[in-house]
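Notes follow once the structure below has been shown.
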Amino acid sequence: MDDKVVLITGASRGIGAATARLAAAEAWRVAVNYRKDLAGAEAVVAELRRAGADAEAFCADVSLEADIVGLFDAVAERFGRIDALVNNAGVTAPIGRLEDYSAQRVEQVLRSNVLGPILCCREAVRRMSTRHGGSGGAIVNVSSAASRLGSAGEYIDYAASKGAIDTLTLGLAREVAAEGIRVNAVRPGLINTSIHASSGEPGRVARLADSVPMRRGGEAEEVAAAILWLLSDASSFCTGSLLDVSGGR
Ligand code: NAP
């Protein structure tokens, strides 16, 4: 039988790229989604292929429904099946207080971090659910410790988007539990990736490291390990779980 196929959104760098590397090492075939970072996505795919894995890059903006539908069709055409989805793509917003937010900013965060993952889940369920003739599968949503901390003074809209991801995970897990699909989430804490530079503070992890009970930021590979566990049969009785990967924060 062909190796299983996982689609990882936002896998051109950071946690998504680390998840792609670990998935390939664990014999998954990997669909690497990216939005703008073609060079990053191509470098990840080249690395996976050098390691002997089957991988392909797919450009799609997960804040757009048409792109999402096209992404799932393209992955199904290229690999012939889809067994797992990692809803990893996400954006923060410039650090600031809520009274200064524009509607456009909030809409962008919610489109990328909530609408996109919900529609990706829809496309995955349509293909994986035994109700639709599929063979089941696994979905892992990448939430954030922000969903329970709230991100006051930084990006409450982002934190709220991750609260929605937690609730999506709980609800969808129950909706499709009897149809062969497990749905879980990881909630990373402060992880060393470029997302912090995107919101205007490249040194954010170092500044806040002392507030982490383990006194350090985490690495993308440490989050990837939790994601791969939730994708694997080793977590076969877990669904609707929200797994904190936050050094105790
Ligand atoms: P990152 O280094 O900024 O990478 C983000 C990835 O998402 C990139 O590959 C980017 O691709 C992609 N992306 C963003 N918007 C997209 C869209 N609309 N469509 C498709 N791809 C899109 O971020 P990261 O730290 O690895 O974050 C990954 C996930 O972990 C996010 O959901 C984030 O909220 C979550 N998280 C991160 C931390 C942390 O401390 N790093 C903590 C908690 C949760 P392009 O460049 O091509 O757009």
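This chain uses plain numbering: 1 for the first residue, then up along the sequence. First listed ligand is number 1; within each ligand, the first listed atom is number 1. Quantities reported herein were computed from a predicted structural model and do not represent experimental measurements.
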How does [X] reach ligand 1, if at all, at less than 4.0 Å between non-hydrogen atoms: by side chain, backbone, both, or neither?
X: Ile195; value: both
X: Ala17; value: neither
X: Val91; value: side chain
X: Asn33; value: side chain
X: His196; value: side chain
X: Ala146; value: neither

Assess the side chains of [X] and [Y]: does a donor N or O sit below 3.5 Å from an acceptor N or O?
X: Asp61; Y: Ser63; value: yes
X: Thr169; Y: Asn141; value: yes
X: Arg13; Y: Ser194; value: yes

Count the heavy atoms of every other residue, nucleotide or ligand shown that sit under 6.0 Å from [atom1] of [X], and state whether that count exceeds 12.
X: Arg174; atom1: CZ; value: no
X: Arg207; atom1: CZ; value: yes
X: Asp100; atom1: CG; value: yes

Within the side chain of Ser12, is there an N or O that forms a donor-acceptor pair under 3.5 Å with the backbone of Ala41? no
Check for a donor-acceptor pair, side chain of Arg182 on one end and backbone N or O of Leu230 on the other, with a separation under 3.5 Å. yes
From [atom], work out which of [options] has a heavy atom at the shortest distance.
atom: atom 30 (O) of ligand 1; options: Val142, Asp37, Ile68; answer: Val142
atom: atom 19 (N) of ligand 1; options: Val223, Val62, Val44, Thr19; answer: Val62
atom: atom 5 (C) of ligand 1; options: Gly90, Ala89, Gly16, Gly14; answer: Gly90

State, with a plain yes or no, whether a side-chain heavy atom of Trp28 is found less than 4.5 Å away from one of Asp83. yes
Does the side chain of Glu56 reach to within under 4.5 Å of the side chain of Arg78, using non-hydrogen atoms? yes
Val86, Leu228, Val140 screened by side chain to side chain contact (heavy atoms under 4.5 Å, CB included) with Val6, the one that passes: Val86
Protein contact of [atom] - nearest heavy atom, named by residue and atom, plus distance:
atom: atom 42 (C) of ligand 1; value: Gly189 O, 2.9 Å
atom: atom 12 (C) of ligand 1; value: Gly10 CA, 3.4 Å
atom: atom 45 (P) of ligand 1; value: Lys36 N, 3.6 Å
atom: atom 14 (C) of ligand 1; value: Arg35 NH2, 3.6 Å
atom: atom 46 (O) of ligand 1; value: Arg13 NH1, 2.6 Å
atom: atom 37 (C) of ligand 1; value: Ile15 CD1, 3.8 Å
atom: atom 31 (C) of ligand 1; value: Asn88 O, 3.1 Å
atom: atom 20 (C) of ligand 1; value: Ala60 O, 3.3 Å

Can a non-hydrogen atom of Lys162 be found less than 4.0 Å from any atom of ligand 1? yes
